[in-house]
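Okay, so here's the structure we're looking at.
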Number of protein chains: 2
Amino acid sequence: MRKVDPAKHEEKRREILEAAGRCFARSGFHGATTSAICAEAKISPGHLFHYFDSKEAMIAAITQARLDDAMVRTERVMESADPFGTFVNGIKDALLTKGRMNNPLLLDMLAEARHNPTMAEIVQESTRQGQAVVAAFLRKGQEEGRVDTNLDPELAAAIVISVIDGSQSIAVRDPKLDKEESGKLLLKMLLRLFAPPAAADGA
Amino acid sequence: MRKVDPAKHEEKRREILEAAGRCFARSGFHGATTSAICAEAKISPGHLFHYFDSKEAMIAAITQARLDDAMVRTERVMESADPFGTFVNGIKDALLTKGRMNNPLLLDMLAEARHNPTMAEIVQESTRQGQAVVAAFLRKGQEEGRVDTNLDPELAAAIVISVIDGSQSIAVRDPKLDKEESGKLLLKMLLRLFAPPAAADGA
DNA sequence: CAATTAATAGACTAATTGGTCTATTAATGT
DNA sequence: ACATTAATAGACCAATTAGTCTATTAATTG
């Protein structure tokens with residue numbers, strides 16, 4: 001008989017998903033056709049649907065993958081020597097929209113989640129997890145006296161995520177705006193929100 | 001002969017556009033079919049395409065209309081007795097996502113603009129105008145000593161818009177989160193960013 | 001009222017698109 | 001070597017969808 005390496009199967013799936021990701025980024029979830037994805041991945045339709053049940057499933061898979069990816073990277077920060085400090089750096093990275101933290105599909109994913117219950121579930125579940133992790137960082141910061149203890153960590157975490165989401169809109173609305181500058185100001189804004197009443201954090 | 005009221009024509013267009021808006025809000029720009037729009041507007045396809053050249057044109061028109069609408073409302077604030085104060089109230093309204101300032105298509109519009117040059121142009125042009133108006137409010141605030149003069153009004157305006165955009169994501173990511181609460185915190189965050197070095201704005 | 005043209009309907013279509021079916025090739029284990 | 005099954009191709013299809021065409025009804029004006 002034959003019993004083939006499931007790792008190879010997974011690898012191919014990832015490969016196809018990456019090609020799909022490029023197509024989706026270019027044309028949106030609905031604008032990208034399966035045949036465009038086939039072309040990008042250099043496979044036939046039969047082959048494509050051998051790996052994914054439907055285009056819907058591809059959209060769900062890539063969304064899940066991207067969100068998971070962001071989660072993993074965020075969680076890894078927790079293991080560093082200075083969690084809160086590294087966390088702030090992570091936000092910076094996310095806001096500058098350049099580090100591999102960046103996900104050009106974010107707006108599409110959010111919009112899609114407004115119309116598609118499956119996607120909504122994926123996004124919401126991922127948000128629950130992400131929010132919890134961010135809240136943990138904020139609590140850590142509160143313990144260290146670097147974050148205002150009046151802030152509700154869960155709520156503040158939601159705000160952090162919302163600001164990162166919002167930062168994606170800047171590139172769309174004003175492509176000429178310097179991302180470095182806007183990112184820095186967004187970060188400053190968050191840090192001021194975090195700052196305990198005493199410390200003014202002028203710079 | 002016959003020479004019919006162009007106002008009536010415009011009115012019907014608006015009517016159809018409103019129906020389309022409901023469909024788009026429900027299913028997204030691509031998920032909503034023209035026949036769904038026909039059903040919602042209670043007209044026939046022939047009739048629909050008598051008023052709009054294409055679905056694309058409908059998407060562009062509704063986007064333009066929504067953005068113009070937001071602009072008009074924002075501009076009107078400038079005419080009030082206390083522009084900056086009223087402006088802050090306007091932001092509050094936008095963040096609470098309830099006042100008629102709210103536009104459930106915002107995320108869809110931004111996502112679409114990433115893939116569709118026509119939409120990109122509309123969004124970017126509208127942003128230019130909106131940003132200018134917001135920057136004017138901030139300058140007013142600076143003159144009145146209510147806004148940090150170190151802030152670049154144009155850049156800060158971009159941040160304000162980005163935060164409002166980002167606030168839309170909250171409802172998607174965490175529908176259970178209290179909008180009142182998150183809106184209040186977002187507003188506080190912006191006000192702290194605006195605050196001149198001296199005033200701490202503790203509340 | 002008659003003529004004219006706008007408003008409206010709705011059957012129809014051309015093209016696209018997600019997805020299937022069959023066939024072929026290439027691994028793998030015995 | 002051979003049997004078995006996975007990997008892959010690509011022709012094909014059913015359904016959907018944006019958009020058209022023709023016909024009818026309703027205003028408007030002279």
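Naming: A, B, ... by sequence-line order, numbering from 1 per chain. These values consider heavy atoms only, across backbone and side chains, with no hydrogens, waters or symmetry-generated copies.
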Whole-Å distance between [N] [atom2] and [X] [atom1]?
| X | N | atom1 | atom2 | result |
| --- | --- | --- | --- | --- |
| B:His30 | D:dA18 | NE2 | P | 11 Å |
| B:Ile37 | D:dT16 | CD1 | P | 18 Å |
| A:Leu48 | D:dC12 | CG | P | 20 Å |
| A:Glu11 | C:dA27 | CD | C1' | 18 Å |
| A:His9 | D:dA6 | NE2 | P | 9 Å |
| B:Ile16 | C:dT8 | CD1 | C1' | 10 Å |
| B:Lys12 | D:dA26 | NZ | C1' | 13 Å |
| A:Phe49 | D:dC13 | CZ | C1' | 13 Å |

Options C:dG18, C:dT20, D:dG19, nucleotide nearest the side-chain atoms of A:Pro45: C:dT20
Among D:dA18, C:dG18, D:dA7, which nucleotide has an atom closest to any side-chain atom of A:Thr34?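 The answer is C:dG18.
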Please work out if [X] contacts a base, only the sugar-phosphate, or nothing of the nucleic acid, heavy-atom cut-off 4.0 Å.
| X | answer |
| --- | --- |
| B:Lys42 | sugar-phosphate |
| B:Ala32 | sugar-phosphate |
| B:Thr33 | sugar-phosphate |
| B:Ile43 | sugar-phosphate |

Residues A:Arg192, A:Asp148: salt bridge by 4.0 Å N-O rule: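 Not counted as a salt bridge, because no side-chain N and carboxylate O are separated by less than 4.0 Å.
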Does the side chain of A:Gln168 pick up a donor-acceptor pair with the side chain of B:Asp165 at under 3.5 Å? no
Would you mind telling me which residue lines up with the more 5' stretch of DNA chain C, A:Gly46 or B:Lys8, judged by nearest nucleotide?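 With A:Gly46 and B:Lys8 compared, the 5'-side residue is B:Lys8.
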Between [X] and [N], is there a contact of a side-chain N or O with OP1 or OP2 at under 4.0 Å?
| X | N | answer |
| --- | --- | --- |
| A:His50 | D:dT8 | no |
| A:Tyr51 | D:dA6 | no |
| A:Ser44 | D:dG10 | no |
| B:His47 | C:dA9 | yes |

Parallel, tilted or perpendicular for B:Phe137 and B:Phe87, by the 30°/60° rule?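 If you compare the ring of B:Phe137 with that of B:Phe87, the planes turn out parallel.
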Fit a plane to each ring of A:Phe29 and A:Phe24, take the angle between them on a 0 to 90° scale, and name the class: parallel (under 30°), tilted (30 to 60°) or perpendicular (over 60°). perpendicular
Got A:Asn103 and A:Met109 here, is their nearest side-chain heavy-atom distance under 4.5 Å?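 SC-SC contact between A:Asn103 and A:Met109 confirmed.
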